[in-house]
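To keep things clear, I will list the structure first and then write my remarks on it.
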2 protein chains.
Amino acid sequence: MRLTLQGRVRKRRTISQSFPRVLQLASCEHRATDLAKAKRVQKWQRDPEGMRLRILEAAKQEFAAHGLAGARVDRIATNAGANKRMLYYHVGNKEDLYLAVLEGAYEKIRSEERGLDLEHLDPPEAIERLIDFTWNYFLRNPEFLALLNTENLAKARHLKRSTKVKSMHSPFVEMIRTVVTRGVESGDFRVAVDPVQLYISIAALCFFYLSNSATLSVIFGRDLLKKEARDERLAHMVALVLAALTGKSTADFGKAVGQGVRAPAHQPV
Amino acid sequence: MRLTLQGRVRKRRTISQSFPRVLQLASCEHRATDLAKAKRVQKWQRDPEGMRLRILEAAKQEFAAHGLAGARVDRIATNAGANKRMLYYHVGNKEDLYLAVLEGAYEKIRSEERGLDLEHLDPPEAIERLIDFTWNYFLRNPEFLALLNTENLAKARHLKRSTKVKSMHSPFVEMIRTVVTRGVESGDFRVAVDPVQLYISIAALCFFYLSNSATLSVIFGRDLLKKEARDERLAHMVALVLAALTGKSTADFGKAVGQGVRAPAHQPV
DNA sequence: GAAGAAATTAACCCGTTGGATAAATACTGG
DNA sequence: CCAGTATTTATCCAACGGGTTAATTTCTTC
């Protein structure tokens with residue numbers, strides 16, 4: 001009893017105390033428009049939209065770091081500089097939060113994908129750009145990888161319900177289709193590979209390495225995320241795919257391969 | 001109060017009631033040695049080793065299905081046909097269970113890997129066998145994929161502590177090294193690709209497709225696990241890797257590519 | 001400047017969960 | 001067949017964690 005009470009009080013205090021420290025978080029594009037006069041003055045103590053963004057950002061980090069079941073609503077609140085009640089007020093319950101985060105993640109990558117213009121490049125260069133983009137997007141957004149894994153653990157249960165995500169088509173499959181067609185016509189590529197399979201393969205090469213870098217690093221006994229290892233991996237992937245498509249070993253392929261992260265003979269795996 | 005009590009009672013009953021039904025689970029190689037006579041007679045109501053195996057099997061399924069945080073010790077007990085106390089008695093607490101499962105999973109794949117003999121095959125065929133094995137192992141052991149993802153979510157925290165796993169070297173890297181060397185010497189392969197990179201790439205192509213099949217299936221709006229899709233994927237992967245290594249389009253590559261799971265023009269991604 | 005809406009906070013409820021205890025039961029060696 | 005050990009069961013509980021309620025503060029509008 002006494003203990004129970006203490007426990008509770010301590011918990012509460014923890015939340016309250018750590019609350020004031022926040023505010024270093026995400027995108028508060030407000031706070032520029034406060035002139036303290038006109039009708040639309042907002043000198044916010046309150047900041048609904050900023051709050052919502054901070055909540056979603058904190059939720060993203062939390063879900064990415066701990067998965068759906070491991071995520072703690074209290075931690076999200078604390079890290080968003082918010083009260084737990086605010087999460088329910090602004091977004092909804094834990095699953096709502098999760099779905100909002102997931103949808104946001106898809107929106108973001110789709111949006112960046114659309115920014116990639118492969119039309120004016122010659123086919124091999126276009127493919128290289130595609131791999132480079134995918135690789136660097138995953139590197140810059142490790143939470144995206146974690147979220148996808150979490151959602152797959154849940155057998156895509158939430159994604160299935162999201163009409164939003166289902167309507168967000170990636171432009172990449174079509175981009176690849178036209179690039180491959182052009183490549184075959186120009187003679188750069190030998191075969192008209194299925195764009196869906198190629199798309200998945202490129203994603204796979206990047207995704208697996210980064211998503212599983214922790215276990216792989218332990219298994220191989222070296223840090224797969226350090227600069228040299230990353231560079232070598234990118235070179236390998238580009239060389240592999242281009243060699244398969246063009247039938248020629250690229251300069252990179254000849255160079256990168258067979259050296260670099262060389263296994264010391266008795267390589268653990 | 002009344003409710004609280006009812007809840008508890010209901011739970012308890014549930015465990016006890018569902019207990020008798022078990023016994024369809026894993027490897028009970030015992031029960032053949034019971035002659036009900038000699039010193040070592042074991043006509044078990046009790047069955048310590050069988051019990052331990054059932055617990056580990058149930059734990060594997062549970063952790064694979066729900067992750068570490070989402071796994072429920074009670075469910076493991078129920079599905080093992082055991083009492084919760086038995087888990088602690090035979091294996092340990094939740095994390096001990098998890099680590100035991102993880103180590104078991106690595107042991108199993110390492111053991112099967114050792115059974116694969118690539119020495120007597122000509123290099124392209126050896127690579128094809130390697131891909132085929134990896135693909136089918138992942139298909140047959142989806143829990144392995146889920147466990148790896150879970151462990152990576154935990155940043156390999158447990159794996160790092162497991163001297164056991166760290167000492168289990170995969171024979172594949174060395175296998176690949178010799179195959180590639182032979183391939184280059186025989187002229188089958190154009191370049192001496194780094195065996196570690198190739199190993200990771202092959203695992204990546206298989207792993208990502210299967211591990212993410214749930215979300216990918218939603219995104220693409222079709223079932224990526226049905227027979228035809230699986231066959232096409234395997235063909236694509238073999239063709240991709242062999243084309244890169246040999247510089248020639250395999251028959252398969254020409255065939256499989258550009259057809260099959262074709263995207264209906266406006267393919268969602 | 002007051003009424004009302006929007007945002008925020010504190011308090012806490014209550015089922016779940018990992019884990020623990022102790023008692024019962026099955027088996028063994030002597 | 002008895003003492004002791006190994007295995008199993010039936011309860012229990014403190015802490016946790018998601019979610020809710022009600023009150024408070026801040027902003028808007030008229």
Side-chain angles (χ1 to χ4, degrees), chain A residues 1-17 19-20 34 36 38-52 54-55 62 66 68-78 80-98, chain B residues 1-17 19-20 34 36 38-52 54-55 62 66 68-78 80-98:
Chain A
M1 290 247 156
R2 196 170 44 75
L3 276 175
T4 309
L5 190 55
Q6 282 189 344
R8 275 188 179 161
V9 169
R10 205 186 317 123
K11 193 169 109 188
R12 302 270 159 62
R13 285 294 170 273
T14 305
I15 295 173
S16 325
Q17 283 170 348
F19 159 61
D34 50 350
K39 276 183 172 179
R40 291 229 156 270
V41 173
Q42 290 173 330
K43 52 171 187 263
W44 300 128
Q45 211 76 330
R46 303 196 175 172
D47 182 0
E49 16 238 302
M51 174 65 89
R52 185 160 202 276
R54 294 205 312 275
I55 289 172
E62 180 71 13
H66 304 282
L68 179 50
R72 293 293 163 256
V73 173
D74 276 327
R75 261 192 315 240
I76 295 174
T78 303
N83 187 294
K84 194 165 45 152
R85 183 66 182 80
M86 301 302 299
L87 311 190
Y88 294 92
Y89 185 76
H90 285 286
V91 187
N93 63 19
K94 197 185 187 185
E95 289 229 327
D96 295 336
L97 275 169
Y98 172 76
Chain B
M1 286 258 152
R2 197 171 44 74
L3 277 175
T4 308
L5 190 57
Q6 282 189 346
R8 276 191 177 156
V9 169
R10 203 185 318 122
K11 193 170 110 187
R12 300 269 160 61
R13 285 293 171 275
T14 304
I15 294 173
S16 325
Q17 284 171 347
F19 160 62
D34 50 351
K39 276 182 172 181
R40 292 227 153 270
V41 172
Q42 291 172 331
K43 52 171 187 270
W44 300 132
Q45 213 76 327
R46 304 194 176 176
D47 182 1
E49 17 236 302
M51 175 64 88
R52 185 160 203 277
R54 292 204 315 274
I55 289 172
E62 179 70 13
H66 303 282
L68 179 50
R72 293 294 165 255
V73 173
D74 274 327
R75 265 194 309 241
I76 295 174
T78 304
N83 186 294
K84 195 163 46 149
R85 182 68 182 79
M86 303 300 299
L87 311 191
Y88 295 93
Y89 184 77
H90 285 287
V91 186
N93 63 18
K94 198 186 186 186
E95 289 230 326
D96 295 336
L97 275 169
Y98 172 76

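Chain letters run A, B, ... following the sequence lines, proteins first, then strands; residues in each count from 1.
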What does the list of N/O pairs under 3.5 Å between the protein and nucleotides 19-22 of chain C look like, with a distance for each?
| from | atom 1 | to | atom 2 | distance (Å) |
| --- | --- | --- | --- | --- |
| dG19(C) | OP2 | Tyr88(B) | OH | 3.3 |
| dG19(C) | OP2 | Lys94(B) | N | 3.1 |
| dG19(C) | N7 | Lys84(B) | NZ | 2.7 |
| dG19(C) | O6 | Lys84(B) | NZ | 2.4 |

To check you understand the geometry: which heavy-atom pair defines the closest contact between Ala80(A) and Ile55(A), and what is its length? CB-CA, 3.7 Å
Nearest-Å distance, CD1 (Ile76(B)) to P (dG18(C))? 8 Å
Please answer whether the main-chain N or O of Leu68(B) pairs with a side-chain N or O of Lys94(B) as donor and acceptor at a distance below 3.5 Å. yes
For Met86(B) and dA10(D), what is the distance between atoms CE and P respectively, to the nearest whole Å? 12 Å
When every non-hydrogen atom of Asn83(A) is compared with those of Ala77(A), the smallest separation belongs to C-CB, 3.9 Å
Over how many whole Å does the gap from Leu87(B) atom CG to dT7(D) atom P extend? 15 Å
Whole-Å distance between dG18(D) P and Tyr98(A) OH? 15 Å
Roughly how many Å is it from CZ in Arg52(B) to C1' in dT7(D), rounded to a whole number? 15 Å
Please state how far atom CG in Asp96(A) lies from atom P in dT20(D), giving the value in whole angstrom units. 11 Å
Strictly below 4.0 Å: does His90(B) bring a side-chain N or O up to OP1 or OP2 of dT8(D)? yes
Can you check side-chain contact (heavy atoms from CB on, under 4.5 Å) on Arg72(B) and His66(B), steps first, answer last? CA-CA 8 Å; Arg72(B) 293 294 165 255; His66(B) 303 282; over 6 Å; no
Applying side-chain contact (heavy atoms from CB on, under 4.5 Å), can you list everything that pairs with Tyr89(B), at least two apart in sequence or on another chain? Arg85(B)
At under 4.0 Å between heavy atoms, what does Ala77(B) touch on the DNA or RNA strands: base, sugar-phosphate, or nothing? nothing
Which heavy atom in Gly70(B) sits nearest to a heavy atom in Ala69(A), and how many Å separate them? CA-CB, 3.4 Å
Rounded off to whole Å, could you give me the CZ-to-P distance for the Arg72(B) and dT16(C) pair? 11 Å
With a 4.5 Å heavy-atom cut-off, do Met86(A) and Val91(A) have their side chains touching? no
Please answer whether the main-chain N or O of Val73(B) pairs with a side-chain N or O of Glu62(B) as donor and acceptor at a distance below 3.5 Å. no
Send over the distance from Tyr89(A) OH to dA23(D) P, rounded to a whole Å. 18 Å
Using a 4.5 Å cut-off on heavy atoms from C-beta on, say whether the side chain of Asp96(A) contacts that of Leu87(A). no
Rounding to 10 degrees, work out the angle separating the end axes of the helix from dG1(C)-dC30(D) to dG30(C)-dC1(D) (five pairs an end). 10°
Which part of the nucleic acid, if any, lies within contact of Ala69(B), taking any heavy atom under 4.0 Å across all strands shown: a base, the sugar-phosphate backbone alone, or nothing? nothing
